[in-house]
Amino acid sequence: MKAKVHVTLKSGVLDPQGKAVGHALASLGFDGVGDVRQGKYIEIDLNDTDAGTARARVEDMCQKLLANTVIENYHVDIEG
Amino acid sequence: MKAKVHVTLKSGVLDPQGKAVGHALASLGFDGVGDVRQGKYIEIDLNDTDAGTARARVEDMCQKLLANTVIENYHVDIEG
Amino acid sequence: MDGISPDIVAEHGLTSEEYDKILEILGRAPNLTELGVFSVMWSEHCSYKSSKKWLKTLPTTGPQVICGPGENAGIVDIGDGLAVVFKMESHNHPSFIEPYQGAATGVGGILRDVFTMGARPVANMNALRFGSPDHPKTRHLVSGVVAGIGGYGNCVGVPTVGGECNFHSSYDGNILVNAMTVGIAEKDRIFYSAATGAGNPVVYVGSKTGRDGIHGATMASAEFNEDSEEKRPTVQVGDPFTEKLLIEACLELMATDAIVAIQDMGAAGLTSSSFEMASKGGVGVELDLDRVPAREENMTAYEFLLSESQERMLMVLRPGAEDTARAIFDKWELDFAVVGHLTDTGRMVIKMNGDVAADLPIDPLALASPEYDRPWTPSPKLAEVTSDSVPAPDDPLAALETLMGSPDLCSRRWIWEQYDHLVMGDTVQRPGGDAGVIRVQRPNGEVTNKGLAITTDVTPRYCFADPEEGAKQAVVEAWRNLTAVGALPLAITDNMNFGNPERPQIMGQFVGAVAGIRAACDALNFPVVSGNVSLYNETAGEAILPTPAIGAVGLLERFDGSVGIALPGDGYALVLVGETRGHLGQSLYLREIAGREEGAPPPVDLAVEKRTGDFIRHAIADKLIAACHDLSDGGLLVALAEMALAGDTGAVLEDVNGKIAQHAWLFGEDQGRYLVAVRDAGALVSAAQAAGIPAQKIGETGGKELILQGSSLALDALRSAHEGWFPGYMAAG
Amino acid sequence: MTAAIIVFPGSNRERDMRLALEASFGRAPVMVWHRETALPDVDLIVVPGGFSYGDYLRSGAMAAHSPIMREVKARAEAGVHVLGVCNGFQVLCETGLLPGALMRNASLKFICRDVHLRVERADTAFTGGYQKGDVMRVPVAHHDGNYFADTATLDRLEGEGQVAVRYCAPDGAITDAANPNGSQRSIAGVYNDRFNVLGMMPHPEDATHALLGGLGGKPLFDGMAGALKELKGAAA
Ligand SMILES: Nc1ncnc2c1ncn2[C@@H]1O[C@H](COP(=O)(O)OP(=O)(O)O)[C@@H](O)[C@H]1O
Ligand SMILES: [Mg+2]
């Protein structure tokens with residue numbers, strides 16, 4: 001199975017990368033661009049066979065390592 | 001509208017980040033973890049009203065700024 | 001046997017004559033894998049086929065030299081059982097295609113060249129040339145290259161202590177990224193690449209092999225054209241953390257007696273490293289590709305042999321040392337595999353899936369590579385520009401302000417603040433002066449009292465105007481920069497960046513530059529111990545300015561004996577040492593203020609350089625000098641301004657130019673000069689006179705302004721011009 | 001007194017730290033490899049700068065889960081003094097020994113240069129070599145030094161006096177221009193609530209020699225040596 005994990009900054013946490021991207025887009029002449037937020041996208045191949053177990057394991061991975069829950073949220077999708 | 005952009009490394013391109021995450025998960029005791037690939041996830045608020053135009057603009061942004069097309073692929077979803 | 005068509009031969013960058021030679025060597029047609037091996041081994045990058053003839057004429061020996069060109073890096077004795085190991089290398093083409101990764105992997109590659117020899121890397125340098133600031137790609141390239149160099153060097157924990165950076169439209173389509181690493185080794189624990197001992201195991205360590213940069217070596221030797229975007233190979237991605245592990249693991253293994261020979265896998269990866277090791281040791285090799293750690297599935301022999309995956313090394317071990325070595329690489333969590341053994345056949349036999357994938361004689365491939373005597377035409381000499389043909393400025397201080405805020409003279413702080421220049425804790429002089437200075441530590445981390453000074457220099461506009469004089473100037477400027485901090489110059493590494501050598505004018509530039517380097521090195525006892533050649537730096541027939549970048553290293557017996565450029569405070573006398581004639585041809589004043597790029601560059605008098613530099617070095621050692629700066633781009637007034645800003649101390653200049661027109665006096669770029677701040681001007685001037693060296697007091701330090709005949713320029717205004725350009729330019733994108 | 005320095009495979013300022021500690025403590029610290037699971041009996045544990053495990057995911061994230069950090073955490077909870085510098089600060093935050101997180105610099109660029117720090121209190125075991133309000137000049141060298149915590153946490157840190165050092169102008173004034181990375185409230189270093197753990201982004205260890213970066217960081221090491229000796233004496 002494959003897990004797709006999105007790690008994004010909590011709202012209220014300043015996002016220097018997103019801000020810089022927004023600024024760069026504006027200076028490239030793209031108008032009408034509002035807020036830009038940048039996060040991480042992680043794909044993990046798993047040899048689990050049960051989607052429920054896989055999800056629980058990946059959420060555990062997020063808690064322990066993939067996200068810093070002081071500043072970040074995560075979202076897990078399990079496929080396949 | 002909102003654009004959600006995934007930027008991922010092309011296959012075959014070394015992914016030191018994914019490699020390191022995979023290694024760390026293994027040493028945290030998560031077994032059965034195969035390949036791990038890490039990419040970027042970017043959310044952009046747009047004041048476009050037409051999904052087609054929005055998509056075209058965001059693809060242009062990917063080409064020009066968000067993705068390094070020498071080593072990365074991108075995927076755009078438009079919402080709202 | 002695969003059919004090898006003329007098209008396939010051409011795609012591999014081989015001429016039909018070269019292919020005929022392959023048929024002759026093998027006595028049969030090569031298969032595709034073998035053809036691939038020939039193509040990288042005989043590429044310009046690996047074989048130096050156009051440059052060999054000329055490089056052989058460089059002086060490479062001296063009492064201080066332990067190992068000259070031909071190994072991974074040059075080695076020079078610095079006493080007390082220690083040696084300094086250094087080299088500079090280009091990563092021009094990859095950096096143009098993908099600036100971050102291209103520059104990062106350039107740093108990774110040169111680090112490996114140095115620690116391969118048993119040295120701990122202790123300093124990095126970088127010499128960069130970009131296109132015109134107005135070119136649409138320049139900003140993106142600057143930003144990516146600088147981030148890439150920093151990203152790699154900062155993570156491995158080697159300080160980047162200096163470098164150089166120029167802008168010129170000739171680099172619009174071909175930027176130059178030259179990286180240099182300096183390392184320290186115990187003199188009796190140096191490692192070489194010659195493989196010996198039939199039966200000895202061949203071991204692969206580091207990262208796994210993927211399909212990275214296949215044909216990178218041949219690409220580095222091919223001119224760019226319209227469709228190079230299409231032919232893009234897989235770009236190599238650097239992994240500095242793995243490199244850091246590799247450094248530590250290799251140094252740990254080198255403390256044992258396990259290693260017979262070691263070589264990094266650089267351009268042309270496994271192929272060139274194994275051929276070089278075998279050829280140097282006069283042995284044969286048998287490799288089993290099934291044992292090579294692979295990152296991707298279904299890789300072919302061709303791909304394994306030509307891959308340029310980074311952070312890999314090849315070693316020959318003593319029989320029975322495999323377990324010791326494996327334990328160390330396990331500790332550092334790196335791949336380790338015995339992939340073959342040495343033989344006495346003189347052949348390289350490559351096996352895969354039980355078949356022979358390639359069977360090639362080693363010496364004919366490695367040694368009988370083509371050597372060309374390419375036709376060349378000498379570069380025409382240009383006329384002198386006389387100072388009366390160059391308009392004087394209305395206000396010299398306003399002209400100074402303009403110059404100090406111009407792209408080629410402004411502060412490079414924006415660059416070097418992105419580099420960790422302090423890690424290791426030994427940085428004595430940070431970027432911003434004439435040379436970076438570090439305290440020498442032994443490879444085991446122990447502190448010593450010695451210091452090393454490091455610089456990179458070349459003035460491409462001089463080299464374009466006169467390759468021989470320009471290359472001479474590059475060497476003497478490097479020598480002067482080391483001298484100006486009080487160091488004894490030891491040796492150089494050269495990175496020859498030129499256009500297409502198949503054009504006689506370009507080849508003429510190369511030949512001229514080699515002659516200039518030779519003359520300067522001979523006169524200064526300043527041998528070439530390593531180097532690198534990058535040719536075909538052309539896009540659509542437009543060549544770069546000839547750019548023979550010189551990296552140089554000097555020794556301070558005591559690191560606390562170095563001086564910097566910063567004016568130390570009020571009440572010092574300023575003494576100009578060396579003769580001023582007011583040479584304005586090819587000067588920055590001429591280009592930036594008068595808008596002309598013309599004339600002969602300033603001539604170099606090697607005997608005068610030597611005499612003047614030796615005098616300065618002794619005066620520094622005798623504590624006569626409190627601050628010192630050599631005069632180069634921009635001449636006297638620019639040097640003074642740089643010293644004033646560095647020390648936040650102003651100065652009053654006296655009206656002492658005599659017969660020389662004022663603008664030529666202030667902005668001329670005559671060589672062989674130093675500006676020094678001293679307590680006792682009389683003592684220094686008379687010592688200089690006794691040594692037959694012109695020296696005169698030209699002013700005094702004090703205040704927060706530069707004052708010249710009643711007009712003045714506040715340091716704050718000067719500082720904002722000087723510091724403002726780079727960040728302003730980068731932010732404007 | 002004895003100090004231990006935790007060494008990760010990607011640590012790169014452990015030697016700088018060793019030299020600084022050796023000079024002030026009069027003896028060499030113990031270097032402890034990240035795979036160890038036990039620590040010797042020491043008075044100070046230092047987590048040095050570098051890129052612990054490459055830090056590709058998030059600075060300090062993986063190091064926080066290393067076997068040795070479990071032990072460091074236990075010691076800290078038992079009252080042993082712990083100093084984390086740069087990557088060490090990041091690791092301590094990820095471990096939960098210190099509040100907050102270190103985000104990418106506002107400029108998005110790595111930054112290496114001297115900064116000035118205002119010492120917010122001089123009555124801890126770390127800062128006895130300074131007076132409250134003193135300004136020290138020391139370098140920073142980091143990509144992720146932008147200190148973040150939510151407003152409530154920041155208010156609490158200020159209220160409890162847990163802000164250790166702030167970026168300031170040479171005269172001690174707190175200004176945006178003096179802040180190299182955009183950190184909240186110019187914070188450069190914080191204590192835990194027991195004041196036995198200090199994390200800071202700047203590198204005092206690279207400012208302990210007159211000719212190698214100056215002496216701005218020297219009082220920190222001398223002060224720690226003095227305070228830890230006293231504590232040890234009192235305990236004995
Ligand atoms: N790419 C760079 N990386 C690091 N330092 C640089 C770079 N470019 C220039 N510098 C530093 O800026 C200072 C001025 O450079 P330069 O004008 O070339 O010096 P000089 O004229 O003495 O050779 C030097 O200290 C040099 O090391
Ligand atoms: Mg100079």
Side-chain angles (χ1 to χ4, degrees), chain C residues 120 143 146-147 149-161 239-249 331-334 413-432 437-439 441 444-447 451 558-562 564 727 730-731, chain D residues 7-23 28 31 33-35 48-57 59 62-63 86-87 105 107-115 138-144 170 180 202-214 217:
Chain C
R120 174 171 286 284
S143 134
V146 171
I149 291 173
Y152 207 98
N154 300 346
C155 183
V156 296
V158 175
T160 301
V161 297
D239 180 355
F241 176 57
T242 296
E243 179 101 338
K244 163 83 172 147
L245 303 182
L246 205 50
I247 295 176
E248 300 301 339
K331 168 183 166 191
W332 292 97
E333 303 182 36
L334 291 165
R413 185 182 304 279
W414 186 90
I415 298 179
W416 79 63
E417 283 192 346
Q418 293 185 60
Y419 301 152
D420 192 337
H421 46 265
L422 302 174
V423 60
M424 296 189 118
D426 284 327
T427 305
V428 182
Q429 289 205 34
R430 302 178 181 190
V437 177
I438 55 165
R439 175 174 69 179
Q441 57 167 292
N444 67 4
E446 200 181 295
V447 165
R558 294 188 55 91
F559 74 87
D560 59 8
S562 85
M730 294 309 295
Chain D
V7 184
F8 296 101
S11 296
N12 63 27
R13 271 187 165 80
E14 75 278 20
R15 174 176 171 272
D16 314 36
M17 186 58 80
R18 171 164 69 71
L19 295 178
L21 284 169
E22 209 170 327
M31 309 303 276
W33 186 236
H34 69 120
R35 287 226 195 119
F51 291 76
S52 39
Y53 290 103
D55 287 0
Y56 296 136
L57 174 70
S59 296
M62 299 181 195
C86 197
N87 189 227
N105 294 346
S107 66
L108 302 188
K109 292 200 270 291
F110 188 96
I111 172 108
C112 178
R113 69 161 141 98
D114 279 352
V115 297
V138 293
V140 291
H142 60 244
H143 210 164
D144 298 317
H203 290 284
E205 75 279 20
D206 280 342
T208 55
H209 186 298
L211 293 175
L212 303 164

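Residue numbering restarts at 1 for every chain, and letters A, B, ... go by the order of the sequence lines.
Taking the side chain as every heavy atom from C-beta outward, D:Leu212 and C:Thr427 never approach each other to under 4.5 Å. Taking 4.5 Å as the limit, some side-chain heavy atom of C:Lys331 sits within range of a side-chain heavy atom of D:Trp33. Proximity of D:Pro9 to C:Phe241: side-chain heavy atoms (C-beta onward) are separated by under 4.5 Å at one or more points.
Comparing D:Cys112, D:Ala207, D:Gly10, D:Ala210 by heavy-atom pairs within less than 4.5 Å of chain C, the highest count is held by D:Cys112. The residue among C:Glu248, C:Glu333, C:Gln429 with the most heavy atom pairs within less than 4.5 Å of chain D is C:Glu333. Of the listed residues C:Val158, C:Asp426, C:Leu245, the one with more heavy-atom pairs under 4.5 angstrom with chain D than any other is C:Asp426. Of the listed residues C:Asp239, C:Asp560, C:Val156, C:Val437, the one with more heavy-atom pairs under 4.5 angstrom with chain D than any other is C:Asp239.
Residue D:His142 does not touch chain C at all, counting heavy-atom pairs closer than 4.5 Å. Heavy atoms of D:Thr208 lying under 4.5 Å from chain C are absent altogether. Only the side chain of C:Arg439 comes within contact range of chain D, judged by heavy atoms closer than 4.5 Å. Contacts of D:Leu19 with chain C are made by side-chain atoms alone, with heavy-atom separations under 4.5 Å and no backbone atom involved. Both the backbone and the side chain of D:Tyr53 come within less than 4.5 Å of a heavy atom in chain C.
The existence of a salt bridge linking C:Asp420 and D:Arg13 is confirmed by a sub-4.0 Å separation between a basic side-chain nitrogen and an acidic carboxylate oxygen.
Of all heavy-atom pairs spanning D:Pro139 and C:Leu422, the tightest one is CB-CD1, 3.3 Å.
Shown here are the side-chain contact (heavy atoms from CB on, under 4.5 Å) partners of D:His143, two or more places apart in sequence or in another chain: D:Arg104, D:Phe110.
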Working for side-chain contact (heavy atoms from CB on, under 4.5 Å), residues D:Val140 and C:Glu417
CA-CA 10 Å; D:Val140 291; C:Glu417 283 192 346; over 6 Å; no
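Under a 3.5 Å cut-off, the side chain of D:Arg15 and the backbone N or O of C:Gly445 do form a donor-acceptor pair. At least one donor-acceptor pair closer than 3.5 Å links the side chain of D:Asn12 to the backbone N or O of C:Asn154.
Taken to the nearest 0.5 Å, the CG atom of D:Asp206 stands 11.5 Å off from the CE atom of C:Met424. Considering CH2 of C:Trp414 and NZ of D:Lys109, their distance stands at 5.5 Å, rounded to 0.5 Å.
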